[in-house]
Colleague: 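Handing you a structure now.
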Amino acid sequence: MIKEKMQKALTSQLNAELFSSYLYLSMSAFFESINLKGFANWMRVQAQEELVHAMKFYDYIVERGGKVFLSSIEGPATAWSSPLAVFEHAYQHEQKVTGLINTLVDLAIAEQDHATNNFLQWFVAEQVEEEASADEVVQKIKLMGDASGGLFMIDTELAQRVFTPPATTP
Ligand SMILES: [Fe+2]
Ligand SMILES: [Fe+2]
(Lines give C-alpha, C1' and ligand atoms only; values in the text may rest on other atoms or scores of the structure.)
(Ligands and ions follow the chains in the order given, each with its own letter.)
Protein backbone atom coordinates (compact mmCIF):
# COMPACT_ATOMS: atom_id res chain seq x y z
CA MET A 1 0.00 0.00 0.00
CA ILE A 2 1.19 3.45 -0.89
CA LYS A 3 2.05 6.00 1.81
CA GLU A 4 -0.22 9.01 2.11
CA LYS A 5 2.51 11.54 1.40
CA MET A 6 3.41 9.80 -1.88
CA GLN A 7 -0.25 9.35 -2.79
CA LYS A 8 -0.86 13.08 -2.36
CA ALA A 9 2.14 13.97 -4.52
CA LEU A 10 1.07 11.55 -7.28
CA THR A 11 -2.48 12.90 -7.15
CA SER A 12 -1.21 16.42 -7.65
CA GLN A 13 0.80 15.20 -10.65
CA LEU A 14 -2.38 13.59 -12.00
CA ASN A 15 -3.93 17.06 -11.79
CA ALA A 16 -0.87 18.59 -13.50
CA GLU A 17 -1.17 16.11 -16.39
CA LEU A 18 -4.86 16.96 -16.79
CA PHE A 19 -3.90 20.63 -16.81
CA SER A 20 -1.30 19.90 -19.50
CA SER A 21 -4.01 18.28 -21.59
CA TYR A 22 -6.28 21.28 -21.02
CA LEU A 23 -3.48 23.70 -21.95
CA TYR A 24 -2.66 21.87 -25.20
CA LEU A 25 -6.32 21.64 -26.11
CA SER A 26 -6.53 25.40 -25.59
CA MET A 27 -3.50 25.85 -27.85
CA SER A 28 -5.20 23.61 -30.41
CA ALA A 29 -8.33 25.75 -30.27
CA PHE A 30 -6.19 28.86 -30.74
CA PHE A 31 -4.61 27.38 -33.88
CA GLU A 32 -8.07 26.42 -35.18
CA SER A 33 -9.10 30.06 -34.75
CA ILE A 34 -6.25 31.27 -36.97
CA ASN A 35 -6.76 28.51 -39.54
CA LEU A 36 -3.55 26.63 -38.89
CA LYS A 37 -5.16 23.18 -39.00
CA GLY A 38 -1.88 21.25 -38.91
CA PHE A 39 -0.66 23.11 -35.82
CA ALA A 40 -4.09 22.51 -34.28
CA ASN A 41 -3.78 18.80 -35.04
CA TRP A 42 -0.34 18.57 -33.41
CA MET A 43 -1.66 20.19 -30.23
CA ARG A 44 -4.80 18.05 -30.22
CA VAL A 45 -2.67 14.89 -30.37
CA GLN A 46 -0.51 16.32 -27.57
CA ALA A 47 -3.64 16.91 -25.47
CA GLN A 48 -4.62 13.26 -25.97
CA GLU A 49 -1.16 12.10 -24.92
CA GLU A 50 -1.41 14.10 -21.72
CA LEU A 51 -4.68 12.33 -20.90
CA VAL A 52 -2.80 9.05 -21.25
CA HIS A 53 -0.19 10.37 -18.80
CA ALA A 54 -2.92 11.38 -16.36
CA MET A 55 -4.50 7.93 -16.54
CA LYS A 56 -1.14 6.29 -15.86
CA PHE A 57 -1.03 8.16 -12.54
CA TYR A 58 -4.68 7.35 -11.86
CA ASP A 59 -4.21 3.63 -12.48
CA TYR A 60 -0.97 3.48 -10.52
CA ILE A 61 -2.52 5.11 -7.44
CA VAL A 62 -5.46 2.66 -7.59
CA GLU A 63 -3.15 -0.32 -8.15
CA ARG A 64 -1.16 0.58 -5.05
CA GLY A 65 -4.30 0.64 -2.94
CA GLY A 66 -4.49 4.43 -2.84
CA LYS A 67 -7.53 6.58 -3.37
CA VAL A 68 -7.78 9.13 -6.15
CA PHE A 69 -9.15 12.52 -5.08
CA LEU A 70 -9.81 14.71 -8.08
CA SER A 71 -9.69 18.45 -7.67
CA SER A 72 -10.38 21.44 -9.91
CA ILE A 73 -8.20 22.03 -12.95
CA GLU A 74 -6.74 25.50 -13.46
CA GLY A 75 -7.92 27.42 -16.53
CA PRO A 76 -5.30 27.53 -19.30
CA ALA A 77 -4.15 30.53 -21.34
CA THR A 78 -6.38 31.12 -24.35
CA ALA A 79 -4.49 33.56 -26.57
CA TRP A 80 -0.92 33.96 -27.81
CA SER A 81 0.82 36.57 -29.93
CA SER A 82 2.12 34.16 -32.59
CA PRO A 83 2.57 30.46 -33.46
CA LEU A 84 6.14 30.79 -32.14
CA ALA A 85 4.87 32.12 -28.80
CA VAL A 86 2.57 29.10 -28.48
CA PHE A 87 5.39 26.60 -29.00
CA GLU A 88 7.77 28.53 -26.76
CA HIS A 89 5.09 28.32 -24.08
CA ALA A 90 4.70 24.56 -24.71
CA TYR A 91 8.47 24.08 -24.43
CA GLN A 92 8.63 26.07 -21.18
CA HIS A 93 5.68 24.10 -19.86
CA GLU A 94 7.39 20.78 -20.57
CA GLN A 95 10.52 21.97 -18.77
CA LYS A 96 8.33 22.78 -15.78
CA VAL A 97 6.74 19.32 -15.90
CA THR A 98 10.20 17.74 -16.03
CA GLY A 99 10.96 19.59 -12.79
CA LEU A 100 7.75 18.23 -11.21
CA ILE A 101 8.64 14.66 -12.22
CA ASN A 102 12.17 15.06 -10.83
CA THR A 103 10.75 16.29 -7.52
CA LEU A 104 8.48 13.23 -7.40
CA VAL A 105 11.48 10.95 -7.98
CA ASP A 106 13.33 12.74 -5.16
CA LEU A 107 10.36 12.09 -2.86
CA ALA A 108 10.09 8.42 -3.88
CA ILE A 109 13.78 7.98 -3.08
CA ALA A 110 13.48 9.81 0.25
CA GLU A 111 10.47 7.63 1.15
CA GLN A 112 12.32 4.50 -0.03
CA ASP A 113 9.35 3.80 -2.29
CA HIS A 114 11.15 1.77 -4.95
CA ALA A 115 7.98 0.80 -6.81
CA THR A 116 7.00 4.44 -7.29
CA ASN A 117 10.53 5.36 -8.28
CA ASN A 118 10.40 2.57 -10.88
CA PHE A 119 6.97 3.74 -12.11
CA LEU A 120 8.26 7.32 -12.44
CA GLN A 121 11.23 6.35 -14.58
CA TRP A 122 8.89 6.00 -17.59
CA PHE A 123 8.05 9.68 -17.13
CA VAL A 124 11.70 10.65 -16.74
CA ALA A 125 12.36 9.20 -20.20
CA GLU A 126 9.12 10.59 -21.63
CA GLN A 127 10.03 14.13 -20.55
CA VAL A 128 13.25 14.00 -22.58
CA GLU A 129 11.09 13.28 -25.63
CA GLU A 130 8.46 15.87 -24.70
CA GLU A 131 11.01 18.67 -24.36
CA ALA A 132 12.74 17.65 -27.59
CA SER A 133 9.55 17.52 -29.66
CA ALA A 134 8.30 20.94 -28.50
CA ASP A 135 11.74 22.49 -29.01
CA GLU A 136 11.99 20.93 -32.47
CA VAL A 137 8.94 22.90 -33.60
CA VAL A 138 10.26 26.10 -31.92
CA GLN A 139 13.50 25.73 -33.89
CA LYS A 140 11.64 25.07 -37.15
CA ILE A 141 9.52 28.19 -36.78
CA LYS A 142 12.62 30.26 -35.95
CA LEU A 143 14.53 28.82 -38.90
CA MET A 144 11.69 29.73 -41.22
CA GLY A 145 11.89 33.36 -40.11
CA ASP A 146 9.74 35.47 -42.41
CA ALA A 147 10.08 33.18 -45.41
CA SER A 148 6.81 33.23 -47.28
CA GLY A 149 5.07 29.88 -47.27
CA GLY A 150 7.19 28.69 -44.35
CA LEU A 151 4.33 28.58 -41.89
CA PHE A 152 2.21 26.73 -44.42
CA MET A 153 4.98 24.17 -44.92
CA ILE A 154 5.28 23.52 -41.19
CA ASP A 155 1.50 23.37 -40.93
CA THR A 156 1.41 20.64 -43.57
CA GLU A 157 4.06 18.70 -41.67
CA LEU A 158 2.34 19.03 -38.28
CA ALA A 159 -0.89 17.78 -39.86
CA GLN A 160 0.77 14.36 -40.19
CA ARG A 161 0.99 13.68 -36.46
CA VAL A 162 -1.34 10.93 -35.29
CA PHE A 163 -2.32 9.86 -31.82
CA THR A 164 -1.16 6.35 -31.00
CA PRO A 165 -3.04 4.85 -28.06
CA PRO A 166 -0.79 3.03 -25.57
CA ALA A 167 -0.01 -0.55 -26.63
CA THR A 168 -0.84 -2.01 -23.25
CA THR A 169 -3.80 -0.44 -21.54
CA PRO A 170 -2.78 -0.26 -17.90
FE1 LIG B 1 2.68 14.64 -19.45
FE1 LIG C 1 3.88 16.60 -21.68
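Just so you know, ligand 1 is whichever comes first in the structure, and atom 1 is the first atom listed for that ligand.
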Colleague: Donor-acceptor pair, distance only, cut-off 3.5 Å: does the side chain of Asp135 make one with the backbone of Tyr91?
Modeller: no
Colleague: Show your reasoning for whether ring pair (Phe, Tyr, Trp, His ring centres under 6.0 Å) applies to Tyr60 and Trp122.
Modeller: CA-CA 12 Å; Tyr60 180 74; Trp122 183 90; over 10 Å; no
Colleague: Just by distance, no angles: are the side chains of Arg161 and Gln46 close enough, under 3.5 Å, to form a donor-acceptor pair?
Modeller: yes
Colleague: Closest to the Fe ion (ligand 1), which N/O/S atom of Glu17 is it?
Modeller: OE1
Colleague: Relative to the Fe ion (ligand 2), which of the N, O or S atoms in Glu130 is the closest?
Modeller: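 Relative to the Fe ion (ligand 2), the closest nitrogen, oxygen or sulfur of Glu130 carries the name OE2.
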Colleague: Which of the N/O/S atoms in Glu94 sits closest to the Fe ion (ligand 2)?
Modeller: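 Nearest to the Fe ion (ligand 2) within Glu94's N, O and S set: OE2.
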Colleague: Need the atom name: nearest N/O/S atom of His53 to the Fe ion (ligand 1).
Modeller: ND1
Colleague: Is Glu50 close enough to the Fe ion (ligand 1) that one of its N, O or S atoms comes in under 2.8 Å?
Modeller: yes
Colleague: Taking the six-membered ring for Trp, are Phe39 and Phe30 ring centroids under 6.0 Å apart?
Modeller: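 Here the rings of Phe30 and Phe39 have centres that are no less than 6.0 Å from each other.
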Colleague: Can His53 and Glu50 be counted as having a side-chain donor-acceptor contact under 3.5 angstrom?
Modeller: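 Yes, a side-chain donor-acceptor pair sits under 3.5 Å.
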